[in-house]
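Computation of the quantities below employed the complete heavy-atom set of this structure, encompassing side-chain atoms and omitting hydrogens, waters and symmetry-equivalent molecules. Below, chain A is the first sequence line, B the second, and so on; all start at residue 1.
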Amino acid sequence: MTMRTHYCGELRSGDVGSEVTVCGWVDTRRVHSEHLAFIDLRDHTGIVQCVVDEKLDLRSEYVVAITGTVRTRFEGKSNEKLQTGEIEIGDCEVQVLSVAEPPPFPMHERTDVDENIRLRHRYVDLRKPRMQKNLRIRAKVNSAIRSAMEKQGFVEIETPMLIASTPEGARDFVVPSRLHPTNFYALPQSPQIFKQLCMVGGIDRYYQIARCLRDEDLRADRQFEFMQLDMEASFANQEDIINFVSEAIKDSTEAITGLRPDEIPHMTWNEAMERFGSDKPDTRFGMELVDLTEIFEGTDANVFKVDCVKGILYEGGSDALARNAIDALTEKCQSWGARGLAWFRVGDEGNLDGALTKFMSDDEIEGIHASLSAQPGDMILIIADKRRTVNHVLGLLRLEIGRPPVNSGELKYLWITEFPLFESVGDHGRPIPAHHPFTMPHLEDLEKLNSAQGEEYLEIRSQAYDLVLNGWELGSGSVRIHTPEIQSKIFEILGIGEVEANEKFGFLLDAFRYGAPPHAGFAFGIDRLAAILSGEENIREIIAFPKTQSGADPLTNAPTQLENNHLEELGLRLIPPST
RNA sequence: GGUCCCGUGGUGCAGUUUGGAGUGCACGCCGCCCUGUCAAGGCGGAGGUCGCGGGUUCAAAUCCCGUCGGGACCGCCA
């Protein structure tokens, strides 16, 4: 005889008359007397009302098994809020399996509980419907991804967690080696090198739902450890990869929402930066950046005598933004790197009202008015600076003012293509790679590799691409370099000599000498995807045991100190923290 | 490295601007009553290092300095 015959939330009118046993936690109780009490029993499927007609000491969160007969509720006594509201379990025999202290916070979800307290008692928090729902959505996403990849011919390969540290990229988490004192393993930031080695190894199509670790500051969308769909395919180009990944994204979205997303649109990196001031534009709302630079050519206003002037239109912003709110926005813009924020209220006559109008010509005023299609009551916000700064600051300002919650329900997937190969030029005039040094340049820009000087390097495009959802970067990938000629050229430009290249990436370069197929790949963050599909603004809500913003775990108290003998065995001695 | 917000019985809040007795609200908890509730109801009760430390003051939850914890963001995250 099994302990349980049915789940609480699945009993229906069709079960009336059957004797059932349900197991779970005591949710709310409504005790009328020793002759009548209603016990709501909860498991992950929901709640069922059990009627008890004897004196029982049942408290919140007691774990019980209840055996009884399913019956229709009395006329007019059904509860539409419950899926099981038509029925109840009567003639109950209650077996207490575990008693419980009162929960440390309310089990109902009408009030938000401090996250620190939730995490300290996560095992209780996980019982709530929200976490039950989110973790099950996450599991479905994982499952849909696996199916999608396998149906496209990808093979799941596991790669090591204890690997060699490489200097590039994020800060590594490291693990001391007991057998090799003074040496350390690094935990993988991603399986990047290994998946490329798999391509050389003839795997053809690799995927893994991989745990990645990066020792960088935590955010709402960033944890130390996170999961990625990591994939790589041989004899594949950018379009192939985008199709493979899009299929996994669409399948997992459909598995959760029931609706298959439309074809995911593409946008070049340059267009994204110019229109939205971000390489991960949130296209759920407009408020696009409008270039006003030409209007201010030959201007008398000193603030606009700069490389680039762009503005955004805040519809109805004239009333929405009081003077102190504008001042606060100005301070934010300054903290983001701008010198200031120029603002104009659009008056009833279509006139512009702002501190800077007295320095501006009529043509200039009319020009920004028309360019932004301003209407009375709107607010115009302008940043003037270097183009890069203008796009960056205005992009952040746009989000600050107009961004809907990430969980508004709408799902705007977007591919960003043609990322620059280099993100900036360093002190010695040498460019710094935007992605990693194995990223294939855009074929049309190969010639520029030989001729570029200084800032011109930043115009070289790559075959790197990102997937964006509602303004969150879900993931990125690229076509990889597989020929020694181009790889040498890139290393030369980056100032990485042969010796250094061999030190850092020797095993990969060695591998490429033995017959490397052209290959390309991608990785996207499953936590972020699952969070948005769950309607959550924070990935901690879809992780069973997450860390706080300071990287601590209130439940286990990690990180902790080590005993001296433990340190000794590892050949470690602590440097006391400086005071 | 930086900016901002929060910390008050078990939980969620108000009180802090303008210093005056740990004052208040809701939920929970404990006890009693109650045979159709479903956020049950009624009556009674317990429960506080106002995060911590220092300072100002006759007097600090309240003002100042520091610190710890939580959160949002910039930097960082190839």
RNA chain B: 5'-proximal contact among A:Pro103 and A:Gln192 (nearest heavy atom):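 Its nearest nucleotide being more 5', the pick is A:Pro103.
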
5' precedence on RNA chain B between A:Val51 and A:Thr111 (nearest-nucleotide basis):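 Its nearest nucleotide lies further toward 5', so the answer is A:Thr111.
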
Any strand: nucleotide that pairs with [N] via Watson-Crick or wobble, under 3.5 Å:
N	answer
B:U35	none
B:U23	B:A14
B:U3	B:A72
B:U67	B:G51
B:G28	none

Looking at [X], does any N or O in its side chain come under 4.0 Å of the phosphate oxygens OP1/OP2 on [N]?
X	N	value
A:Arg30	B:A40	yes
A:Asn538	B:A72	yes
A:Arg528	B:C77	no
A:His392	B:G75	yes
A:Ser335	B:G2	no
A:Gln549	B:A72	yes
A:Arg71	B:G36	no
A:Thr548	B:G69	no
A:Arg219	B:C74	yes

Minimum-distance nucleotide (side-chain atoms of A:Pro106 versus B:U11, B:A72, B:C38):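 Of all the options, the side chain of A:Pro106 is nearest to B:U11.
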
Shortest side-chain distance from A:His35, nucleotide among B:U37, B:U11, B:U35: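 Ranking B:U37, B:U11, B:U35 by closest atom to the A:His35 side chain puts B:U35 first.
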
Geometric cation-pi criterion, A:Arg528 with A:Phe226: 6.0 Å, 45°: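 Checked: cation-pi criterion not met.
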
Within 6.0 angstrom of A:Asp57 CG, more than 12 heavy atoms from elsewhere: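 Buried by this count: over 12 neighbours within 6.0 Å.
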
Sugar-phosphate, base or nothing in reach of A:Ser33, heavy atoms under 4.0 Å: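 Base: the residue A:Ser33, judged by heavy atoms under 4.0 Å, touches a nucleobase.
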
Sub-4.0 Å heavy-atom contacts from residues 74-82 of chain A onto RNA chain B, ordered by number: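 Contacting residues: A:Phe74, A:Lys77, A:Ser78, A:Asn79, A:Lys81.
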
Stacked pair A:Phe105-B:U11, distance under 5.5 Å, angle under 30°: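 No, aromatic ring not over the base.
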
Centroid distance under 5.5 Å and plane angle under 30°, A:His32 vs B:A40: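 Ring-base stacking flag set for A:His32 and B:A40.
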
Rounded distance in Å - [atom1] ([X]) to [atom2] ([N]):
X	N	atom1	atom2	answer
A:Glu331	B:G2	CD	C1'	14 Å
A:Met107	B:U11	CE	P	15 Å
A:Arg222	B:G71	CZ	P	14 Å
A:Lys332	B:C74	NZ	C1'	11 Å
A:Leu119	B:G71	CG	C1'	12 Å

Partner of A:Arg461 under side-chain hydrogen bond (donor to acceptor under 3.5 Å, both in side chains), chosen from A:Asp445, A:Thr268, A:Asn270: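 Exactly one candidate clears the test, A:Asp445.
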
Option passing side chain to side chain contact (heavy atoms under 4.5 Å, CB included) with A:Arg480 (candidates A:Glu232, A:Met199, A:Met440):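 By the side chain to side chain contact (heavy atoms under 4.5 Å, CB included) criterion, A:Arg480 pairs with just one of A:Glu232, A:Met199, A:Met440: A:Glu232.
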
Single hit among A:Thr28, A:Val64, A:Leu58 for side chain to side chain contact (heavy atoms under 4.5 Å, CB included) with A:Ile39: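 Exactly one pass, corresponding to A:Leu58.
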
NZ/NE/NH1/NH2 to OD/OE distance under 4.0 Å, A:Lys332 and A:Glu400: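 A salt bridge is present here (some side-chain N lies under 4.0 Å from a carboxylate O).
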
A:Arg73 with A:Glu86: basic N within carboxylate O range, under 4.0 Å: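 Between A:Glu86 and A:Arg73 there is no salt bridge, as every charged N stays at least 4.0 Å from the carboxylate O atoms.
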
Under-3.5 Å donor-acceptor pair between A:Arg73 side chain and B:C38 base: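 Per atom types, the contact qualifies.
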
Check: B:G36 base within 3.5 Å donor-acceptor of A:Glu88 side chain: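 Side chain to base: pair found, below 3.5 Å.
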
A:Asn116 and A:Arg120, any side-chain heavy atoms less than 4.5 Å apart: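 Touching, per the 4.5 Å side-chain cut-off.
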
